[in-house]
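Each ligand, and each atom within it, is numbered from 1 in the order the structure gives. Side chains included, hydrogens not; waters and symmetry mates left out as well; all remaining heavy atoms used.
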Amino acid sequence: MKLILLGAPGAGKGTVAKMLTQHDGSVQISTGDILRAAVAAGTELGKQAKAAMDAGDLVSDDLIMGIMEERLKEDDCKNGYLLDGFPRTIPQAEALKGLLEKMGEELDMVVEIDVPRDVILDRLTTRRTCEKCNAIYNVKSNPPKEEGVCDKCGGNVVQRADETEEAISNRLDVYNEKTAPLVDFYKNEGLLFSVNATSSQAVVDAVIEKLNA
Ligand code: AMP
């Protein structure tokens with residue numbers, strides 16, 4: 001399947017994407033994970049992205065499109081992909097449309113995960129992420145067995161630099177201003193499927209049912 005997962009930070013895009021990859025072998029492509037890996041490795045890309053990321057602002061469209069043009073050409077995309085955190089602006093959506101046309105590919109669906117703001121705020125302030133494998137935990141509902149240690153790979157489980165209250169509030173404002181307009185963009189493209197659910201499993205079930213319909 002070729003899907004875009006759209007939704008505010010904390011809506012569950014990453015969790016839903018990971019669950020869907022197990023369904024049919026599609027690969028999850030998270031621009032946030034790619035950027036965080038670049039920051040951790042100290043590459044030129046990471047240096048250019050770090051300040052915007054720490055403040056909860058968006059990285060430039062040009063930088064993101066450069067990453068995605070390369071990423072979508074890789075072999076593992078042949079079985080399908082779940083775009084998590086991309087596109088995030090109308091120019092990115094337009095550029096993606098042109099890129100897919102050039103590659104002769106079509107999206108199956110754009111899934112909008114719609115979660116109330118209070119649920120999102122609570123989730124983001126209690127969310128923790130493995131620095132090494134990006135596994136997601138929650139201090140209240142899903143803590144690692146040993147505090148600060150990833151169950152899956154033994155990596156450090158930490159609070160992301162952009163998950164302070166100030167950065168979270170900025171990320172939600174940026175989402176409303178720059179990314180929420182993509183809902184109408186994809187409605188006009190006839191691709192939008194909105195799911196109003198706070199459980200990731202419910203979102204996955206709804207997507208699979210819709211794809212099989
Ligand atoms: P995420 O893990 O998707 O919440 O992304 C973390 C941060 O990476 C965002 O707050 C942005 O600074 C940056 N980022 C990720 N994806 C994009 C994108 N498609 N466009 C611009 N910035 C992005």
Is [X] in polar range of ligand 1, meaning some N or O pair under 3.5 Å apart?
| X | result |
| --- | --- |
| Ser30 | no |
| Asp84 | no |
| Arg88 | yes |
| Val59 | yes |

Side-chain donor-acceptor contact under 3.5 Å, Thr89 with Asp61 = yes

Candidate with minimal heavy-atom separation from atom 2 (O) of ligand 1, of Lys50, Glu163, Arg36 =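 Answer by nearest heavy atom: Arg36.
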
Given 3.5 Å as the limit, does a donor-acceptor pair link the side chain of [X] with the main chain of [Y], or not?
| X | Y | answer |
| --- | --- | --- |
| Arg128 | Asn138 | no |
| Ser200 | Val16 | no |
| Thr129 | Asn134 | no |
| Glu94 | Ile90 | no |

Residue among Thr198, Val203, Thr15 satisfying side chain to side chain contact (heavy atoms under 4.5 Å, CB included) with Ile113 = Val203

Just which atoms of ligand 1 are under 4.0 Å from any heavy atom in [X]?
| X | answer |
| --- | --- |
| Leu35 | 8 (O), 13 (C), 14 (N), 15 (C) |
| Leu58 | 21 (C), 22 (N) |
| Thr31 | 15 (C), 16 (N), 17 (C), 19 (N) |
| Gly85 | 16 (N), 17 (C), 18 (C), 19 (N) |
| Gln92 | 18 (C), 19 (N), 20 (N), 21 (C) |

Measure [X] to ligand 1 on non-hydrogen atoms and call it side chain, backbone, both or neither using the 4.0 Å cut-off.
| X | value |
| --- | --- |
| Arg160 | side chain |
| Arg171 | side chain |
| Ile64 | side chain |
| Asp162 | side chain |

Salt-bridge criterion met for Lys2 and Glu106 (N-O under 4.0 Å) = no

Salt bridge Lys140-Asp122, side-chain N to carboxylate O under 4.0 Å = yes

request  = Would you mind checking which non-hydrogen protein atom is closest to atom 12 (O) of ligand 1, with the distance to 0.1 Å?
outcome  =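 Ranked first by proximity to atom 12 (O) of ligand 1 is Asp57 O, 2.5 Å.
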
inquiry  = Using the rule given for side chain to side chain donor-acceptor pair (under 3.5 Å), can you reason through Ser26 versus Asn79, listing the C-alpha separation, both sets of side-chain angles and the distance that settles it, and then say yes or no?
reply    = CA-CA 5 Å; Ser26 302; Asn79 296 329; over 6 Å; no

key: Where Ala49 and Leu35 come nearest, the two heavy atoms and their spacing   =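 Closest pair (atom of Ala49, atom of Leu35, distance): CB-CD2, 3.9 Å.
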
